[in-house]
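Here is the naming used below: chain letters follow the sequence lines, and residue numbers restart at 1 for every chain.
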Amino acid sequence: MTQNLSIYNSLTNTKELFKPLKEGYVGMYVCGPTVYSKVHLGNVRTFMSFDMIYRYFLHLGYKVRYVRNITDAGHLTDDAAEDKISTKARLEQLEPMEIVQKYTVDFHQILERFNFLPPSIEPTATGHILEQIEAIQTIINNGLAYVVNGSVYFDVLKYNEKEHYGILSKRNIEDAIENTRVLDGQSDKKNPQDFALWKRAEPEHIQRWKSPWGIGFPGWHLECTVMSTKYLGEAFDIHGGGMDLKFPHHECEIAQAVACHNTAPVKYWMHGNMLTLNGKKMAKSTGNNILPGEIFTGDNKNLSKGFSASVTRFFMMQAHYRSVLDFSNEALLAAEKGHQRLMDALNLIPKLSTSNKSTIEVNLWRDKCYQAMNDDFNTPILIAHLFDAVKFINLIHDGKEYITSEDLDLLIKTINAFVFDVLGLNNNAENSGQATTQLESVVNMFIEMRNAARADKDWALSDKIRDDLAAKGIYLKDGKEGTTFSLK
RNA sequence: GGCGUUGUGGCCGAGUGGCUAGGCUGGGCUCUGCAAAAGCUCCUACAGCGGUUCGAAUCCGCUCAACGCCUCCA
């Protein structure tokens, strides 16, 4: 089962059979958030894709070390020698680490709400300044970086003499040079393509550390190289991130790693695609975004109502992680109904009766689920198969198909594994054990009263009970084998 | 301007050189006191124009459109 998993590798632009560097183990690094503001739903999508991937590896029995960093040292902006975190800090009269703390907590709370598994290690850039300085020194020693006025730059042209800068993003440095815009304040660089490894801190700059080249702060590409190497080794299996990080960020990571260790750092590069809103990429800077909190409350001009975390997750899992997904209220409403249908079927499982023969091929169905996931984590196909199971369950419940207890066990085991362990969905209706049991007994009481009324053909009372319960979010359904209810 | 991706039925979204995606919506039927649910069923698409092929929506070319990266960005 684990042998035929194939992964689309952005480095080769092909699907490749996944073979871990060390049998049975997976090392995975994913670029985490810059904690200078609230994450928006687009950010969440990428992390969710890799959460699903992490979950599937675990499900297959791999020992996974999943590293996802927190960028708390800030990134350079193009027009000032200071970074986002420091800029915001001054505006709000807060310590940089106060901003970091605030938005790190926010990030964690959001992910927890969406039922994310925590990564194995969540290192911070500020916690690895020493390692970054060491790496810079190594690159300088290897002749691939130079020092100017207290800053250190990576010498892209020099690197490109022996290596290919652009191997991931499929660019040629020569083309890049021709098309580079002339930017102000880059006179320190030998070449516009060069990127900062260490940046001198201006006097007003708040985040600053001592280094052999003076007081400053690390360049934004370096932390990922240093932290991935430290926790996963000089070469590791999977590096993930959003499509928009491919260039320059990931390209620079490759160059830095090669410059340090003379070895390609990553075997499989994976890139999740963007979540768009109104056909455009979500971005903090343009205001074209939805915050996760707004999804829950519905407090956004693009939303007619709030949606649960699990519905949102289901919506995202209905698209392949490498496809652009467009967010819309209409799509969310559709996802909500589909999600409900899936959960209703799962709730029906305990009520199924078994037979001495099966009229459905559970083994075949199960294999199809694995085939879908093994084909580059194709969750939309998996979900299509899950709806086949929904149909099975409903038909068995209606007495139109039959299943043995062995097959039922397999069905339950498989569907639970995929719905809850791999896709990470929640079944809200069965969340709180005791409360649910008590609610169930009370609702069943009403159902009995209503059945008595129906037996007397007292439709007025019967309908009143149904309508009043519906008004409280409890919906009755009259099936062949009695009345059941669902919560909304 | 350079590099790249995409264009699928009312909507969202998979996939494929010839064979059902799936979800949502709408129509019909079964069931039902009614409704809901469930089941069955119908509406059967692949931007446009050429080319390759026995056969293309799937491969190639061009056109149009959209998006992403080239600057911080999931």
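Base engagement by A:K281 is indicated by at least one non-hydrogen atom pair under 4.0 Å involving a base atom. Among the atoms of the strands shown, none is found under 4.0 Å from any heavy atom of A:H385. Backbone-only engagement by A:A319 is indicated by non-hydrogen atom pairs under 4.0 Å involving sugar-phosphate atoms exclusively.
Going from atom CD of A:Q371 over to atom C1' of B:A14 covers 15 Å, rounded to whole Å. Computed from coordinates, the A:D194 CG to B:U71 C1' distance equals 16 Å when rounded to whole Å.
Only at 4.0 angstrom or more do the heavy atoms of residues 107-114 of chain A sit from any atom of RNA chain B, so none qualifies.
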Nucleotides 42-44 of chain B: which of its N/O atoms have a protein N/O under 3.5 Å away?
none

All N/O contacts under 3.5 Å from nucleotides 63-66 of chain B to the protein, with atom names and distances to one decimal?
none

Listing time: all N or O pairs from protein to nucleotides 15-17 of chain B that are below 3.5 Å?
from: B:G15; atom 1: OP1; to: A:N378; atom 2: ND2; distance (Å): 3.4

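Residues forming a ring pair (Phe, Tyr, Trp, His ring centres under 6.0 Å) with A:F114 (at least two apart in sequence, or on another chain): A:F296. Considering only residues two or more places apart in sequence or on other chains, A:E112 meets the side-chain contact (heavy atoms from CB on, under 4.5 Å) condition with none of them. A search for salt bridge (Lys or Arg N to Asp or Glu O under 4.0 Å) contacts involving A:D463 returns A:R466, not counting sequence neighbours. Legend: residues meeting salt bridge (Lys or Arg N to Asp or Glu O under 4.0 Å) with A:D237, ordered by chain and number and at least two apart, are absent.
With its ring centre under 5.5 Å from that of the base six-membered ring and a plane angle below 30°, A:W459 counts as stacked on B:G33.
Within the structure, no pair that satisfies the salt bridge (charged side-chain N to carboxylate O under 4.0 Å, His left out) test touches residues 37-50 of chain A, not counting sequence neighbours.
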Can you give the donor-acceptor pairs under 3.5 Å from side chains of residues 270-283 of chain A to other protein atoms, not counting sequence neighbours?
from: A:H271; atom 1: ND1; to: A:S10; atom 2: OG; distance (Å): 2.8
from: A:T276; atom 1: OG1; to: A:L325; atom 2: O; distance (Å): 3.3
from: A:T276; atom 1: OG1; to: A:D326; atom 2: OD1; distance (Å): 2.6
from: A:K281; atom 1: NZ; to: A:D244; atom 2: OD2; distance (Å): 3.3

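In terms of polar N and O atoms assigned as donor or acceptor, the side chain of A:R466 never comes within less than 3.5 Å of the base of B:A36 in a complementary pairing. A donor-acceptor contact under 3.5 Å links the side chain of A:D478 to the base of B:A35. A:D463 contributes a side-chain N or O that forms a donor-acceptor pair with the base of B:G33 under 3.5 Å. Side-chain to base pairing of A:D398 with B:C40: no donor and acceptor N or O lie closer than 3.5 Å to each other.
Side-chain contact check for A:N69 and A:Y29: at least one donor-acceptor pair (N or O, by modelled atom type) lies under 3.5 Å. Checked by atom type, the side-chain pair A:T12/A:T14 shows a donor-acceptor distance below 3.5 Å.
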With both pairing distances under 3.5 angstrom for Watson-Crick or G-U wobble, and | for a partner in another strand, the correct string for RNA chain B is (((((((..(((.....[...))).(((((.......)))))....(((((..]....))))))))))))....
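Counting heavy atoms from C-beta outward, A:E253 and A:P265 have side chains that stay 4.5 Å or more apart.
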Once base and sugar-phosphate atoms are separated, protein heavy atoms under 4.0 Å mark nucleotides 23-28 of chain B, 5' to 3', with B, S and - as SSS---
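Of the side-chain N and O atoms in A:N43, one or more sit less than 4.0 angstrom from OP1 or OP2 of B:A74.
Relative orientation of the A:H339 and A:F314 rings is perpendicular, given thresholds of 30° and 60° on the angle between their planes.
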